[in-house]
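Okay, structure first, notes after.
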Amino acid sequence: MRISQLFYQTMKEVPREAQVPSHQLMFRAGMIQQLASGIYNYTPLAKKSLSKIETIIREELEKKGCQEVLLPVVQPSELWEKSGRWGYYGPELLRLKDRKDNDFCLGPTHEEVITDMVSKVLKSYKQLPWNLFQIQTKFRDEVRPRFGLMRGREFTMKDGYSFDVDEEASKVMYWKMYDAYTAIFKRCGLSFRAVDAATGNIGGDMSHEFQVLAQSGEDLILSCDSCDYAANAEKAVTPRSAQELTEEGMEQTEDVHTPACRTIEEIADYLKRPASDFIKSIIYVVDEEPVLVLIRGDLDINESKLQTALSANGVFLADDALVQEVSGAGTGFAGPVGLKKQVKIVADYSVTEGKNMVSGANKDDYHKVNVNYGRDYKADVLGDLSFAQPGDKCPKCEGKLEDHRGIEVGQVFYLGTKYSEPMECNYLDRDGKSHPAVMGCYGIGVGRTMAAAIEQNHDEDGMIWPAAIAPYEAVILPLQMNKDEVVAAGEDLYTSLRDAGMDVALDDREERAGFKFKDADLLGYPLQIVIGARSLEAGEVELKIRKTGEKKNIPLAEVKSFVENFLKEEKSAD
RNA sequence: CGGGAUAUAGCCUAGUGGCUAAGGCGCCUGCUUUGGGAGCAGGAAAUCGCAGGUUCGAGUCCUGCUAUCCCGACCA
């Protein structure tokens, strides 16, 4: 590409809105423009990088026997009603109507459509397995889009879905995809970790996230300092377990007056006891049923674990009216003993760890002291509902968990028959018996991967692209555009590198040297090939490796092989 | 959805109720310059987010709306 013809513009300043490095730098480099909140235009530089990521994805998936399809963005509500998600997907699902007043949505994901598609073709076990993927636009009406491409509303995603005869075959497929993802992100030149993850709304019971390690990451990851255990903090297992309490030392419960003490902090302060002496009692609505959730006062309820523990489709905080109805008191005074309305009680292991705890008394302005698990109340479900903390013991070994920030660029799920059953995606086995296909699903955020690469690889001068996904692998910078021999050397080199199959740019603009250097640093070409009058007299050009800042003079005749070797090495997956 | 903030030229910003809304970046013309975002001269570019209101007078004050960002809640 001749930069003089490239559609782009670089800038020295960034808008106040851009907060994270990838957003700021992509803006300054003219790669993206914001069209609306969470919705962006991608200019040629961005599109080139995206395409390279997509190519890597396609190559690695095809190696595993995956086949590419293309499914609609606009999807009829019927499919979503069939899977049950039309009801509980919530406002993130952008719904619209056509001229005939029929309901549609913009696809935030494609389980429904693909399962429907496959069900029309699937007849026999002989056809399986299938693994289908697409690279396509998704729309999710995020409550709070932010950080440029990191959390947009409209974005490009590779989503894949596998169909197998049984759980065993599906799990083999799962690990095959795990390997493919590992290969993909390695080839993209990213430093990442695969971590145990929660499955959330999408369902299923096994999942890994591929997290690019970067300071600006939105996710908290906990990993063991001595074994290979790593998990998203919302999934990471805590060292707690259910304790058997003896009655020894348990004292009589008693209601105490605690006016206007609604939060743990207020009541702890008022009674002069540590937060860990309290039982935090929060009423949730779980699949339309009120549930009382208990946890020790110094811990927080992990809604993701709660949802999993109850095999629920969704968990939401109850509103004040429901709190009143269940507990008989205003918010802040609920407790497990003496509820006005008996509801299911779910408790974290932590409430079994102490005696004579304090909870709400289900009476306005009163708390109950000396509440003991087992004697005074029991939970219908007792489990691990808290967040693991850095420093906690590793659930797999004797090591300690340490924390990292991560950007989730991919996730793999084992789904089971969550979609194939309601959507009647069935096959006949050897004996003529019908079974739902066993599914897995696998996603990669393409734009987010690009943004994550920048988050992980930049300095104060600009981006530092991994060679495999750089918009251009190298740039040729003829410095004195008024000197014919400099211009000619640039043109020759440009032609020769391009003929050798390299993706290079030629900065043929009538600009001063400093200007070109600044632009080249900002755009982050892995390699800058500088052609200046001085070194050219000696038959040499100067190469600058963007990543290390290293500069070396090389005879013109050797440039091609040097660049070739450099790029080959940079793009190799280690 | 709660809290906070912002909206002035393509971009970044200044602008105390009062004259023709100011500067930088970028853009155009000419000269000059050519190894780290040069210099000089000239020029184009603004419905001050939208709608009301207060006022002799509003970019500036008030109300409503919209959009955007930040923190939190939320988030395959």
**Request:** For A:Lys305 and A:Phe387, indicate whether the former's side chain and the latter's backbone hold a donor-acceptor pair under 3.5 Å.
**Result:** no

**Prompt:** Between B:rG23 atom C1' and A:Glu13 atom CD, what is the distance in whole Å?
**Reply:** 12 Å

**Complete:** Ranking B:rG35, B:rG36, B:rC11 by distance to the side chain of A:Asp521, first place goes to B:rG36

**Item:** Partner nucleotide of B:rG26 by Watson-Crick or wobble geometry (both distances under 3.5 Å)
**Value:** none

**Asked** Given atom CG of A:Leu522 and atom P of B:rG36, what is their separation to the nearest angstrom?
**Response** 18 Å

**Prompt:** So, is A:Arg144 near the phosphate of B:rC74, with a side-chain N or O under 4.0 Å from OP1 or OP2?
**Reply:** no

**Prompt:** Between B:rG35 and B:rG39, how far is it from one P atom to the other, in whole Å?
**Reply:** 15 Å

**Request:** Using only heavy-atom distances, decide whether a donor-acceptor pair under 3.5 angstrom links the side-chain of A:Glu511 to the base of B:rG37.
**Result:** no

**Fill in**
Atom CG of A:Asn232 and atom P of B:rC75 are separated, to the nearest Å, by 12 Å

**Base of B:rC70 paired with side chain of A:Arg146 (donor-acceptor, under 3.5 Å)** = no

**Touch class at under 4.0 angstrom, heavy-atom based, for A:Glu303 against every strand present** = sugar-phosphate

**Message:** Does a side-chain N or O of A:Ser37 approach OP1 or OP2 of B:rC69 to a distance below 4.0 Å, or not?
**Reply:** yes

**Request:** Looking at every strand, decide which applies to A:Ser207 at a 4.0 Å heavy-atom threshold: base, sugar-phosphate, or nothing.
**Result:** nothing

**Item:** Opposite nucleotide pairing with B:rA45, Watson-Crick or G-U, both atom distances under 3.5 Å
**Value:** none

**Fill in**
Among the nucleotides B:rC12, B:rC75, B:rG35, whichever has the atom closest to the side chain of A:Arg151 is B:rC75

**Request:** Indicate, yes or no, whether a donor-acceptor pair under 3.5 Å links the base of B:rG37 to the side chain of A:Arg28.
**Result:** yes

**Prompt:** According to the 5.5 Å centroid and 30° plane-angle thresholds, does A:Phe517 stack upon the nucleobase of B:rG36?
**Reply:** yes

**Message:** Check this for me, if you would: do A:Lys552 and A:Glu540 make a salt bridge, where the nitrogen-to-carboxylate-oxygen distance has to be below 4.0 angstrom?
**Reply:** no

**Message:** I'd like to know if the side chain of A:Gln24 reaches the main chain of A:Ala18, judged simply by a donor and an acceptor atom lying under 3.5 Å from each other, with no hydrogens or angles considered.
**Reply:** yes

**Prompt:** Who is the Watson-Crick or G-U wobble partner of B:rA73, with both distances under 3.5 Å?
**Reply:** none

**Message:** As a test of reading the structure: which of B:rG36, B:rG35, B:rC69 is closest to the side chain of A:Lys551, going by heavy atoms?
**Reply:** B:rG36

**Side-chain-base donor-acceptor pair under 3.5 Å for A:Gln9 and B:rG26** = no

**Request:** Could you measure between the two C1' atoms, the one in B:rG59 and the one in B:rA46, and give it in whole Å?
**Result:** 11 Å

**Item:** P spacing across the pair B:rC62 / B:rA73, given as an integer number of angstrom
**Value:** 32 Å

**Request:** Write down the distance separating the P atoms in B:rG18 and B:rG57, rounded off to the nearest Å.
**Result:** 14 Å

**Prompt:** Any donor and acceptor pair, going by atom type alone, linking the side chain of A:Glu408 with main-chain N or O of A:Gln211 inside 3.5 Å?
**Reply:** no

**Message:** Please name the nucleotide paired to B:rG59 by Watson-Crick or G-U wobble geometry with both distances under 3.5 Å, or report none.
**Reply:** none

**Request:** Please measure how far the P atom in B:rA38 lies from the corresponding atom in B:rG4, and state the result in whole Å.
**Result:** 44 Å

**Message:** Does A:Pro108 reach a base, just sugar-phosphate, or nothing at all? Heavy atoms under 4.0 Å.
**Reply:** base

**Request:** Would you kindly compare A:Glu510 and A:Lys516 by the position of their nearest RNA chain B nucleotide and give the one closer to the 5′ end?
**Result:** A:Glu510

**Message:** Taking the C1' atom in each of B:rC70 and B:rC61, what is the distance between them to the nearest angstrom?
**Reply:** 26 Å

**Message:** Regarding A:Gly443, tell me which of base, sugar-phosphate or nothing describes its non-hydrogen contacts under 4.0 Å with the strands shown.
**Reply:** nothing

**Request:** Would you indicate, yes or no, if B:rC69 has its OP1 or OP2 atom less than 4.0 angstrom from a side-chain nitrogen or oxygen of A:Gln34?
**Result:** yes

**Message:** Counting the atoms with a prime plus P, OP1 and OP2 as sugar-phosphate, which does A:Glu92 contact under 4.0 Å by heavy atoms, base, sugar-phosphate, or nothing?
**Reply:** sugar-phosphate

**Message:** Can you measure A:Arg85 atom CZ to B:rC75 atom C1' for me and round it to whole angstrom units?
**Reply:** 14 Å

**Prompt:** Roughly how many Å is it from CZ in A:Arg512 to C1' in B:rG35, rounded to a whole number?
**Reply:** 9 Å

**Prompt:** A:Asn482 has a side chain; which of B:rC11, B:rU34, B:rG36 sits nearest to it?
**Reply:** B:rU34

**Prompt:** How do A:Pro145 and A:Asp159 order along RNA chain B: which one's closest nucleotide is nearer the 5' end?
**Reply:** A:Pro145

**Asked** Contact class for A:Tyr442 (heavy atom, under 4.0 Å): base, sugar-phosphate, or nothing?
**Response** nothing

**Message:** Could you check whether any side-chain N or O of A:Ser119 sits under 3.5 Å from a backbone N or O of A:Asp116, counting only pairs where one atom can act as donor and the other as acceptor?
**Reply:** yes

**C1'-based separation of B:rU29 from B:rC48 [nearest Å]** = 29 Å

**Item:** Rounded distance (nearest 0.5 Å) linking atom OG of A:Ser162 with atom OH of A:Tyr174
**Value:** 11.0 Å

**Message:** In the structure I gave you, are the side-chain heavy atoms of A:Lys418 and A:Met439 within less than 4.5 Å of one another anywhere?
**Reply:** no

**Request:** Rounded to the nearest angstrom, tell me the gap between atom CZ in A:Arg509 and atom C1' in B:rU33.
**Result:** 17 Å

**Request:** Could you state the atom-to-atom distance from CE of A:Met481 to P of B:rG35 in whole Å?
**Result:** 14 Å

**Prompt:** B:rG36 P sits how many Å from A:Tyr525 OH, rounded?
**Reply:** 19 Å

**Asked** Would you find a donor on one side and an acceptor on the other, under 3.5 Å apart, between the side chain of A:Gln134 and the backbone of A:Leu71?
**Response** yes

**Message:** Which nucleotide, if any, forms a Watson-Crick or G-U wobble pair with B:rU68, using both distances under 3.5 Å?
**Reply:** B:rA5

**Request:** Quote, to the nearest angstrom, the P distance that separates B:rU8 from B:rA51.
**Result:** 16 Å

**Prompt:** Where the side chain of A:His110 meets the backbone of A:Gly160, is there a donor-acceptor pair that is under 3.5 Å apart?
**Reply:** no

